[in-house]
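Have a look at the structure below, then the notes.
Just so you know, residue 1 is the first one in the sequence shown, and it goes up from there.
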Amino acid sequence: MAVLIRTRDVPAARRHDAWRSIVCDTLGPLDLRIDPDAPLRGEIDAGQLGPVGVGRVRTSTPHSVHRTPGLIRRDSPALYRVVLAMSGELVLTQDGRSAQLERGQFAIYDFGRPYELAYRSAVHLAVFSLPHEMLAMPFDSVAKLTAVPIATDGGSGALAAPLLRRVALDLESYQPASAARLSTVVMDLITTAVAERADRTESLSAESQARMLLLNIHSFIEEHLGLPDLDPGTVAAAHHVSLRQLHRLFETQNTTVAAWIRHRRLERCRKDLADPAFHRVSVSSIASRWGLADSAHFSRLFRHAYGMPPAEYRRSCLMPQA
């Protein structure tokens, strides 16, 4: 993620022009509307996640950007954009609809049609740009959902919003191969969240549906790791799939359901053992907290996974450095 402009690095007299230029260069030809007397403060970053463009805007200055018919005639790549409110509030307007987005909410819009994006107060937002063909949904179905908030309190939207936020914050840390794989996950989440909102999940490819099911299963497992009776049968029943189908999904990841549950439990235990905030909590209590009630069995599993007993691992992590 490259910093394209940081207003504190630009002389005050040039900030408005510089900001306008960066907005147009980064997000495409846009009409920027801002009070010329308003002190402009903010920062814009941009980068790539495989074929997906990622931009990040932070500003405390109210203003708006407009995609007008004249600008569309000048240059109109076939792009969808997804805007995520990371903090503050913004209003997206397109096709006669307006969506007021608050922290953690997102919506999709079409760069090839007029729209307005308005920041009424301090905001931090992320914008993801993707070619039309990458969103595996009928064009007319997507057109009905522009400037419509995607629910993030359940379903795929609840998975997509935190992942999009994390990607926007950590983009520069991904290696190219990881970025390419992650872009597929991002696209699957966006496509599925939009399809769910449009009641068109049947239009998704079998591959996308399988990847989304696996993401939902991973999320379910994370939320229920503390339950001692969490097992493949519980997971399959919660997702209305057969055990055979569940095992086939995990075979694509070169693991098994039970092994994945065990791995995630051990990782949670390892994290707690290394956390000074838990230094007074017994090893057995930490293990039990994550569904591993048999202390001796937990110790064997931990040693096999990390090369030392849990108590020794804790001492190595919490021992004061010389």
Side-chain angles (χ1 to χ4, degrees), residues 1-4 6 26-27 42-59 80-90 92 99 101-109 117 119 122-130 134-135 149-197 208 211-225 253 260 263-268 270-272 274-275 277 290:
M1 185 79 82
V3 177
L4 302 181
R6 189 182 288 118
T26 306
L27 299 177
E43 183 174 315
I44 299 175
D45 311 325
Q48 286 290 135
L49 184 74
V52 178
V54 184
R56 197 169 64 204
V57 179
R58 281 162 292 200
T59 180
Y80 289 123
R81 285 199 166 133
V82 171
V83 59
L84 169 72
M86 298 172 69
S87 67
E89 295 182 2
L90 57 97
L92 169 66
L101 303 177
E102 300 178 351
R103 178 185 173 90
Q105 296 182 317
F106 67 96
I108 192 168
Y109 58 101
L117 195 57
Y119 321 137
V123 295
H124 183 189
L125 60 95
V127 179
F128 298 81
S129 302
L130 42 134
M134 288 188 66
L135 195 68
I150 303 297
T152 57
D153 56 353
S156 298
L159 291 174
L163 176 64
L164 293 176
R165 177 183 177 85
R166 195 73 262 160
V167 165
L169 292 174
D170 294 346
L171 186 63
E172 65 274 10
S173 69
Y174 302 129
Q175 298 296 319
S178 298
R181 289 192 294 270
L182 188 54
S183 70
T184 301
V185 176
V186 167
M187 284 308 311
D188 282 338
L189 278 169
I190 290 173
T191 301
T192 306
V194 173
E196 286 179 356
R197 189 68 176 80
S208 290
R211 288 194 294 262
M212 281 308 308
L213 176 58
L214 190 59
L215 284 170
N216 278 292
I217 288 170
H218 281 172
S219 179
F220 176 85
I221 289 172
E222 289 296 315
E223 292 174 7
H224 296 86
L225 285 173
Q253 308 297 302
W260 180 257
H263 165 70
R264 294 307 304 153
R265 282 174 166 164
L266 288 172
E267 279 293 287
R268 290 295 189 97
R270 185 173 70 90
K271 182 178 179 181
D272 285 356
D275 189 340
W290 297 114

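Shown here for I108 and V82, the closest heavy-atom pair between the two residues is CG1-CG2, 4.0 Å. Summarising the geometry of V52 relative to S183, their closest heavy-atom pair is CG2-CB, 4.3 Å, with the distance given to 0.1 Å. Annotation for I150 and A107: closest pair CG1-CA, 4.4 Å, computed over non-hydrogen atoms. Across all their heavy atoms, A85 and L101 have their closest contact at CB-O, 4.0 Å. The shortest non-hydrogen separation linking A46 to T26 is CB-CG2, 3.8 Å.
In this structure, CG in L49 is found 10.5 Å from CE in M187, a value given to the nearest 0.5 Å. In this structure, NZ in K271 is found 7.0 Å from CZ in R268, a value given to the nearest 0.5 Å. Atom CG of L92 sits about 12.0 Å away from atom CZ of R81, to the nearest 0.5 Å. Distance check: M86 CE to F106 CZ gives 13.5 Å after rounding to the nearest 0.5 Å. Atoms NE2 and CG, from H263 and L225 in turn, are 10.5 Å apart once rounded to the nearest 0.5 Å. Note that CZ of R264 is 9.5 Å distant from CH2 of W290, once rounded to the nearest 0.5 Å.
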Carefully, step by step, assess V57 and V123 under the rule side chain to side chain contact (heavy atoms under 4.5 Å, CB included). CA-CA 8 Å; V57 179; V123 295; 5.6 Å; no
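Of the possible polar contacts, none joining the R165 side chain to the G104 backbone as a donor-acceptor pair under 3.5 Å is found. Of the possible donor and acceptor atoms, none in the side chain of Q105 sits under 3.5 Å from a partner among the backbone N and O of P149.
Side-chain polar atoms of S87 and R103 form no donor-acceptor pair below 3.5 angstrom.
For R58, the side chain to side chain donor-acceptor pair (under 3.5 Å) partners at least two apart in sequence or on another chain are E43, D45. Under the side chain to side chain contact (heavy atoms under 4.5 Å, CB included) criterion, A274 pairs with Y313, C317, sequence neighbours left out.
Between M134 and Y80 there is no side-chain heavy-atom pair separated by less than 4.5 Å. Contact annotation: the side chain of L164 approaches that of I190 to within less than 4.5 Å [non-hydrogen atoms, C-beta and beyond]. At least one side-chain heavy atom of L125 sits less than 4.5 Å from a side-chain heavy atom of Y119.
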Considering only distance and modelled atom types, tabulate donor-acceptor pairs under 3.5 Å from the side chains of residues 167-174, sequence neighbours left out.
{"unit_1": "D170", "atom_1": "OD1", "unit_2": "R166", "atom_2": "NH2", "d": "3.1"}
{"unit_1": "D170", "atom_1": "OD2", "unit_2": "R166", "atom_2": "NE", "d": "2.7"}
{"unit_1": "S173", "atom_1": "OG", "unit_2": "D170", "atom_2": "O", "d": "2.7"}

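Counting heavy atoms of neighbouring residues, nucleotides and ligands inside a 6.0 Å radius, atom CD of Q175 does not exceed 12 of them.
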